[in-house]
> 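The structure's right below; bear with me while I get my questions together.
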Amino acid sequence: MAEKIYITTAIPYVNGVPHVGHAMDYLLADVCARYFDNSRFQAGTDEHGNKIFQKAKELNIPVQEYVDNNSKKFQDFIQRLGVEYTDFVRTTDQDHEKRVQEIWEKVKDRIYLAKYEGWYCTGCERYVTEKEYEENHGICPDHQKSYERLAEENYYFRLADFKDQIREAIESHRMRVLPEFREKEILKLIEDSPDVSISRPKSQLTWGVPVPGDENQVMYVWMDALCNYITVLGYPDKDISDSWPAYAQFVGKDILRFHAILWPAILLALGLELPKNIVSHGMILANGQKMSKSIGNVIDPIEVLDKHGTEAFRYFFLRHIDTFDDSDFTWEKFEDAYNNELANDLGNLVQRLATLCKKNNFVLENDDTPTEVESQYDNLMREFRFKEAFDEVWEKVQAINRQIDEDKPWSLAKNNETEKLKQVLSSEVTNLLEATNQLKPFLPETAKRIEEIFSGTIEPPKEPLFPKN
RNA sequence: CGUGGGGUAGAGCAGCCUGGUAGCUCGUUUGGCUCAUAACCAAAAGGUCGUUGGUUCAAAUCCAACCCCCACAACCA
């Protein structure tokens with residue numbers, strides 16, 4: 001058996017409930033994993049940091065209990081998306097914490113202690129950039145407080161040591177950054193990326209992994225969270241060479257820079273190979289606007305799932321949300337896609353074709369799986385252009401509707417042209433099964449149902465695949 | 001002079017890198033069919049391709065300038 005293809009998703013910060021945007025990582029990774037069915041699939045949750053610590057305090061529950069609950073919510077969410085992972089990592093796992101500390105020790109010669117000075121908001125409990133400071137005229141808009149000039153000691157990671165190697169890896173496509181326009185962005189960004197602060201004084205951050213050998217410092221998010229991709233495999237205790245380097249790492253564009261610059265630097269420091277592909281997707285907008293709690297336009301993915309189910313959810317987010325770029329979600333678009341495409345194009349096609357087969361006692365004779373031919377579909381899938389690949393599948397579905405209209409099997413039946421009728425139905429069903437095969441990574445349950453319907457005695461489903469409301 | 005993306009039919013988008021009759025989906029109008037979830041198929045209407053200039057036999061596509069929108073800018077997916 002060939003080695004497994006390792007696929008990863010970003011680990012969400014569990015200071016809230018699953019957001020519709022989280023779904024993109026999982027869905028894209030799942031499509032990829034299902035396409036190369038021999039894959040190892042990581043998912044997880046990021047559970048350290050002040051926001052979580054405070055949130056738990058506000059709710060007056062122990063922090064560990066709080067993150068346990070929230071992590072569970074994400075696991076349930078992933079399951080409801082029909083996404084099947086093989087490994088789940090939590091940054092509060094003991095194994096993870098221990099391994100991150102070991103990793104820290106291994107890259108110690110790339111880490112140095114330095115003073116950080118900047119404008120700090122005691123309300124937000126964070127430093128702001130010079131620019132933000134100027135734009136807000138020195139006053140935090142969220143808390144109406146003046147920023148304070150503070151200084152503290154942080155450990156920094158010597159990113160500068162690896163810039164050339166990383167740039168070379170990206171340019172040579174040894175490590176691909178997708179899509180292309182993001183690659184350009186990252187290549188520009190590398191130039192003036194400063195060393196990254198990877199710890200905080202304990203006085204400021206308690207809920208985190210202690211820095212080994214310095215009881216006054218706690219690891220800040222990056223070291224802790226990014227390393228999940230290898231700690232979950234067992235690094236450094238275990239040999240991870242059957243999974244690492246990852247074939248594809250899926251991330252949102254907002255955290256691409258950390259995955260395409262800092263993360264490779266850490267890997268290089270460890271002497272590990274770089275991932276083959278880093279695939280970034282866009283944000284989901286609501287009516288063209290960024291979703292935010294203050295505007296109140298947040299789409300709750302659970303509501304969408306409750307209303308329309310897993311398959312419809314996957315359909316919309318994989319075909320009508322661009323694989324790489326920002327896209328708009330509106331209920332109207334969702335419902336149009338459901339009715340016009342899932343119900344009318346595909347659902348109705350299955351229904352009419354199954355009925356035609358049944359009425360004419362047609363059974364597919366050689367249920368050999370359709371011959372797999374290298375096609376545009378495969379090219380697109382391998383380039384992670386899932387939406388376009390999905391379009392390709394849909395074109396096939398629509399072509400079968402056209403074919404049935406042209407063949408007019410009902411007339412053939414009326415005129416007793418049984419041979420021709422058999423031929424025509426056979427071709428139509430075969431085409432549908434071919435399309436179904438390609439549908440599998442996107443809509444696995446639907447594909448399974450269609451295959452069941454057309455195997456053996458063909459019986460149209462009593463309940464339509466996608467009932468209209 | 002921060003970085004990147006975008007401005008193409010009523011809406012949403014593709015085409016631009018590798019110039020050569022302006023395309024897709026939805027919506028609208030009309031016709032066809034009856035196997036099907038009032039579904040399916042066909043045809044039609046609808047565009048100064050942000051603005052101005054340049055290169056060229058030829059520009060949505062290349063170049064220059066400008067106008068407008070959006071995202072990112074050390075943790076709000």
Side-chain angles (χ1 to χ4, degrees), chain A residues 10 12-13 15-16 18-25 46 49-51 116 118 124 126-132 135 142 154 179-182 184-189 191-198 220-222 225 251-258 262 281-285 288-294 298 301 319-320 322 324-328 330 332-333 336-337 339-360 388 391 394-395 398 400-413 425 428 460-461 463-469:
Chain A
Y13 195 56
N15 65 338
H19 184 280
V20 67
H22 293 118
M24 286 313 288
D25 263 11
D46 177 16
N50 269 335
K51 283 189 185 167
Y116 178 85
C124 309
R126 69 181 185 102
Y127 287 90
V128 298
T129 57
E130 280 297 326
K131 208 156 210 170
E132 206 175 332
E135 274 171 14
D142 295 334
N154 286 181
E180 214 178 272
F181 64 86
R182 296 277 174 231
K184 263 198 281 180
E185 217 171 290
I186 292 297
L187 284 172
K188 274 264 163 59
L189 246 144
E191 301 306 323
D192 36 39
S193 286
D195 287 347
V196 181
S197 155
I198 53 169
Y220 182 55
V221 58
W222 302 120
V251 300
K253 69 171 184 185
D254 53 326
I255 51 171
L256 174 64
R257 63 184 54 197
F258 303 107
L262 176 58
H281 62 259
M283 301 285 152
I284 296 165
L285 310 173
Q289 268 185 315
K290 196 169 165 172
M291 290 186 204
S292 86
K293 281 180 192 160
S294 48
V298 177
R319 181 141 190 262
H320 289 283
D322 193 277
F324 303 115
D325 221 338
D326 292 357
S327 303
D328 208 24
T330 67
E332 196 192 348
K333 281 183 190 178
D336 280 352
N339 288 324
N340 294 329
E341 295 162 22
L342 277 177
N344 293 350
D345 287 347
L346 181 61
N348 179 57
L349 170 62
V350 168
Q351 201 77 29
R352 72 191 294 213
L353 191 51
T355 307
L356 279 166
C357 290
K358 188 189 172 164
K359 284 192 175 172
N360 298 294
E388 289 173 79
D391 285 344
W394 218 258
E395 232 158 80
Q398 291 171 317
I400 301 166
N401 269 323
R402 240 175 286 137
Q403 191 190 354
I404 295 176
D405 267 70
E406 282 164 21
D407 291 343
K408 302 193 199 331
W410 52 89
S411 314
L412 297 176
L425 286 176
E428 290 160 1
E463 276 299 306
L465 252 52
F466 299 99
K468 286 214 263 192
N469 320 312

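The sequence lines fix the lettering, A, B, ..., with proteins before strands; numbering per chain opens at 1. In what follows, every heavy atom counts, from backbone to side chain, and hydrogens, waters and symmetry copies are set aside. Given the structure is predicted, the values throughout are model-derived calculations rather than measurements.
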> Is atom CD of A/E191 surrounded by more than 12 heavy atoms (other residues, nucleotides or ligands) closer than 6.0 Å?
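Buried by this count: over 12 neighbours within 6.0 Å.
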> Under 4.0 angstrom, heavy atoms only, what part of the nucleic acid is A/I284 near: base, sugar-phosphate, or nothing?
base
> Mind calculating the distance between CZ (A/R257) and P (B/rU3) to the nearest angstrom?
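Between P of B/rU3 and CZ of A/R257: 14 Å.
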> Kindly indicate whether the side chain of A/K253, heavy atoms from C-beta on, has any atom under 4.5 Å from the side chain of A/D326.
yes
> Please tell me which of the listed nucleotides, B/rU37, B/rA74, B/rA42, lies nearest to the side chain of A/R402?
B/rA42
> Sort out the partner of B/rC62 for me: Watson-Crick or G-U wobble, both distances under 3.5 Å, none otherwise.
B/rG54
> Side chain of A/D405 only, please: which of B/rU3, B/rC41, B/rA36 is the nearest?
B/rC41
> Starting at CD of A/E428 and ending at P of B/rC35, how long is that distance when rounded to a whole Å?
14 Å
> For a quick test of reading the model, state the closest non-hydrogen atom pair linking A/D405 to A/W410 and the distance between them.
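Reported closest heavy-atom pair: CA-CH2, 4.1 Å.
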> Measuring from the side chain of A/P194 (C-beta onward, heavy atoms only), which nucleotide among B/rA74, B/rC41, B/rA71 has the closest atom?
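Of B/rA74, B/rC41, B/rA71, B/rA74 is nearest to the side chain of A/P194.
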> Mind checking if A/P409 touches a base, just sugar-phosphate, or nothing, with heavy atoms under 4.0 Å?
nothing
> Counting side-chain heavy atoms from C-beta on, which of B/rU3, B/rC41, B/rG12 comes nearest to A/N401?
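Taking heavy atoms from C-beta onward, the closest nucleotide is B/rC41.
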> Return the nearest nucleotide to the side chain of A/T355; candidates are B/rU3, B/rC35, B/rA71.
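Taking heavy atoms from C-beta onward, the closest nucleotide is B/rC35.
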> Output the distance between atom CH2 (A/W394) and atom CG (A/L346), rounded to the nearest 0.5 Å.
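Answer for the CH2-CG pair, A/W394 versus A/L346, is 4.5 Å.
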> Does B/rA36 have its OP1 or OP2 closer than 4.0 Å to a side-chain nitrogen or oxygen of A/K359?
yes
> Would you classify A/G347 as touching base, sugar-phosphate or nothing, given that sugar-phosphate means primed atoms plus P, OP1 and OP2, and contacts are heavy atoms under 4.0 Å?
base
> Over all strands shown, is A/F466 touching base, sugar-phosphate only, or nothing at heavy-atom distances under 4.0 angstrom?
base
> For a salt bridge (Lys or Arg N to Asp or Glu O under 4.0 Å) with A/R319, tell me which candidate from A/E341, A/E388, A/E395 qualifies.
A/E341
> How long is the gap from CG on A/L349 to CG on A/N401, to the nearest 0.5 Å?
4.5 Å
> Using a strict 4.0 Å threshold on nitrogen-to-oxygen distance, state whether A/E185 and A/R182 make a salt bridge.
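Salt bridge flag = yes for A/R182 with A/E185.
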> How many Å lie between CG on A/D325 and P on B/rG5, as a whole number?
11 Å
> For B/rC72, does OP1 or OP2 lie under 4.0 Å from any side-chain N or O of A/K188?
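No.
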> For B/rU8 versus B/rC69, give the span between their P atoms, rounded off to a whole number of Å.
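That atom pair is separated by 15 Å.
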> Using a cut-off of 4.0 Å on non-hydrogen atoms, how would the nucleic acid contact of A/N154 be classed: base, sugar-phosphate, or nothing?
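Answer is nothing: A/N154 stays at 4.0 Å or more from every strand.
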> When both hydrogen-bonding distances must be under 3.5 Å and the geometry is Watson-Crick or G-U wobble, what is B/rU48 paired with, if anything?
none
> Both distances under 3.5 Å, Watson-Crick or G-U wobble: report the partner of B/rU29, or none.
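Per the H-bond distance test, B/rA43.
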> Expressed in angstrom and rounded to an integer, what is the separation of A/K408 atom NZ from B/rA36 atom P?
16 Å
> Can you check the distance between B/rA22 and B/rA59, where both ends of the measurement are the P atom (answer in whole Å)?
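The answer is 12 Å between these two P atoms.
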> What interatomic distance, in whole Å, is found between P of B/rC40 and the corresponding atom of B/rU51?
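Approximately 37 Å lies between the P atom of B/rU51 and that of B/rC40.
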> With a 4.0 Å cut-off on heavy atoms, is A/D345 in touch with a base, just the backbone sugar-phosphate, or nothing at all?
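Contact class for A/D345: sugar-phosphate only.
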> For A/S197 and for A/L285, locate the closest nucleotide of RNA chain B by heavy-atom distance; then report the residue assigned to the nucleotide nearer the 5' terminus.
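Of the two residues, A/S197 wins.
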> Rounding to an integer number of angstrom, what distance separates B/rC26 and B/rA45 when you compare their C1' atoms?
16 Å
> Counting any heavy atom closer than 4.0 Å, what does A/L353 reach on the DNA or RNA strands: base, sugar-phosphate only, or nothing?
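It contacts nothing in the nucleic acid.
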> Going by purine N1 to pyrimidine N3 plus the second Watson-Crick contact, or the G-U wobble pair, all under 3.5 Å, which nucleotide sits opposite B/rG23?
B/rC13
> Roughly, in whole Å, what's the span from CG in A/N344 to C1' in B/rG27?
14 Å
> What distance, rounded to whole Å, do you find between the two P atoms, one in B/rU52 and one in B/rC41?
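To the nearest whole Å, 41 Å.
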> Rounded to whole Å, how long is the line connecting atom CD of A/E395 with atom P of B/rU25?
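Distance check: A/E395 CD to B/rU25 P gives 8 Å.
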> Whole-Å distance between B/rG4 P and A/L189 CG?
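My rounded result for the distance is 10 Å.
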> Paired with B/rA77: which nucleotide, if any, by Watson-Crick or G-U wobble criteria at under 3.5 Å for both distances?
none
> If I pick the C1' atom on B/rU25 and the same atom on B/rG15, what distance separates them, to the nearest angstrom?
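After rounding to an integer number of Å, I get 15 Å for this pair.
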> Within the 4.0 Å heavy-atom criterion, would you say A/N340 contacts the bases, only the backbone, or no part of the nucleic acid?
sugar-phosphate
> Just N and O in the side chain of A/K468: are any of them under 4.0 Å from OP1 or OP2 of B/rA39?
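Yes, such a contact exists.
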> How long is the span from the CD atom in A/E428 to the CD1 atom in A/I404, to the nearest 0.5 Å?
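Interatomic distance, A/E428 CD to A/I404 CD1, rounded to 0.5 Å: 4.5 Å.
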> Less than 3.5 Å between a donor and an acceptor, one on the side chain of A/N348 and one on the base of B/rA39, is that the case here?
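Side chain to base: no pair present.
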> Between A/F181 (CZ) and B/rG6 (P), how many Å, whole number?
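After rounding, the reported distance stands at 8 Å.
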> What nucleotide among B/rC40, B/rC76, B/rC33 has an atom nearest to a side-chain atom of A/K51?
B/rC76
> Would you measure the distance from the C1' atom in B/rA42 across to the matching atom in B/rC33 and give it in whole Å?
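Rounded to whole Å, the distance is 10 Å.
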> Can you tell if the side chain of A/P301 reaches within under 4.5 Å of the side chain of A/H19, non-hydrogen atoms only?
no
> Between B/rG47 and B/rC1, how far apart are the two P atoms, rounded to whole Å?
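Straight-line distance between the two P atoms is 45 Å.
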> Considering heavy-atom distances to RNA chain B, does A/G282 or A/S327 have its closest nucleotide positioned more toward the 5' end?
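Comparing both residues, the 5'-ward one is A/S327.
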